[in-house]
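Only one structure is covered here, and it is reproduced in the block below.
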Amino acid sequence: QVQLVESGGGLVQAGGSLRLSCAASESIFSINVMGWFRQAPGKEREFVAAIRWSAGSTRYADSVKDRFIISRDNAKNTVFLQMNSLKPEDTAVYFCAAKRGMNLVGLGSLYDYWGQGTQVTVSS
């Protein structure tokens, strides 16, 4: 069973930056893709970004492209989401997720493991 623990959320002013971290348990040999999703109050969960553990290839939602950067530290089993130029509409609970399949998909139902989430609030 893979366990994921997010950290790094908080309150930031518009235009600011935050870096989220997602630490995975040691048993990640079956995991090929890590992703970030978010859910704002009253809205559905949406895809933010994904990365392959091995090759480091990435995929982003259009809404965050050129502002957010997903990266990983394989030695520490940790994935990061660097969020720059934050906007009030980025306010949401951010979830880390992991999947065994290789495809960099944005469909949450295809992810096998989820973290508890971390709150990000961007004030105007």
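Heavy atoms only: backbone and side chains are in, while hydrogens, waters and symmetry mates are out.
For S71, the side chain to side chain contact (heavy atoms under 4.5 Å, CB included) partners are F80, not counting sequence neighbours. Residues that satisfy the salt bridge (charged side-chain N to carboxylate O under 4.0 Å, His left out) test with R67, not counting sequence neighbours, are D90. Residues satisfying the ring pair (Phe, Tyr, Trp, His ring centres under 6.0 Å) criterion with Y60, sequence neighbours excluded, are absent altogether. Applying the salt bridge (charged side-chain N to carboxylate O under 4.0 Å, His left out) rule to D112 yields the partners R100; only residues at least two apart in sequence or on another chain are considered. Scanning for salt bridge (charged side-chain N to carboxylate O under 4.0 Å, His left out) contacts around D66 gives an empty result, with sequence neighbours left out. With sequence neighbours left out, the side chain to side chain contact (heavy atoms under 4.5 Å, CB included) criterion links Q119 to T91, V93, T121. A search for side chain to side chain contact (heavy atoms under 4.5 Å, CB included) contacts involving K43 returns A40, not counting sequence neighbours. Taking the ring pair (Phe, Tyr, Trp, His ring centres under 6.0 Å) definition, one finds that W53 meets it with nothing, sequence neighbours left out. Qualifying ring pair (Phe, Tyr, Trp, His ring centres under 6.0 Å) partners for Y94, counting only residues two or more places apart in sequence or in other chains: none. Listed by chain and residue number, R38, A61 satisfy the side chain to side chain contact (heavy atoms under 4.5 Å, CB included) test with S63 (two or more places apart in sequence, or in another chain).
Here the CD atom belonging to Q82 is positioned 8.5 Å from the CG atom belonging to L18, to the nearest 0.5 angstrom. For the atom pair F47 CZ and L107 CG, the distance stands at 10.5 Å (nearest 0.5 Å). To the nearest 0.5 Å, atoms CG (L20) and OG1 (T118) are separated by 6.0 Å. Note: I51 CD1 to R72 CZ = 5.0 Å, rounded to the nearest 0.5 Å. The line from CG of L104 to CG of L110 is 12.0 Å long, rounded to the nearest 0.5 Å.
Closest non-hydrogen pair, V105 versus K99, comes out as CG2-CE, 3.5 Å. Residue Q116 comes nearest to F95 through the heavy atom pair O-CE2, 3.4 Å, listed as atom of the first residue, atom of the second, then distance. Listed here is the closest heavy atom pair of K76 and T78: O-OG1, 2.9 Å. The minimum heavy-atom distance between L4 and A24, with the atom names listed, is CD2-CB, 3.7 Å. Heavy-atom minimum distance, A14 versus S124: CB-CA, 4.4 Å. Residues M34 and A98 share a closest heavy-atom pair of SD-CB, 3.4 Å.
The hydrophobic clustering, which links ILVMFWY residues whose side-chain heavy atoms are closer than 4.5 Å, places I70 and V33 apart.
Looking only at side-chain heavy atoms (C-beta outward), L81 and I69 stay at 4.5 Å or farther from each other.
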Is there a side chain to side chain contact (heavy atoms under 4.5 Å, CB included) between L86 and F68? Walk through the geometry before answering. CA-CA 9 Å; L86 283 162; F68 291 9; 3.8 Å; yes
Given the rule in the side chain to side chain contact (heavy atoms under 4.5 Å, CB included) test, do M83 and V120 qualify, once you have shown the distances and angles that lead to the verdict? CA-CA 10 Å; M83 304 185 295; V120 172; 3.8 Å; yes
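Residue pairs meeting the salt bridge (charged side-chain N to carboxylate O under 4.0 Å, His left out) criterion with at least one partner in residues 47-62, sequence neighbours excluded, are D62-K65. Applying the disulfide (SG to SG under 2.5 Å) test to pairs two or more places apart or on separate chains, those with a residue in residues 52-124 are C22-C96.
Note on ring orientation: taking the six-membered ring where Trp is involved, the planes of F37 and Y111 are perpendicular (angle over 60°, cut-offs 30° and 60°).
With hydrogens and angles ignored, the 3.5 Å screen pairs a side-chain donor or acceptor of E6 with a backbone N or O of G117.
In the model, N84 has a side-chain atom that pairs as donor or acceptor with a side-chain atom of S17 under 3.5 Å.
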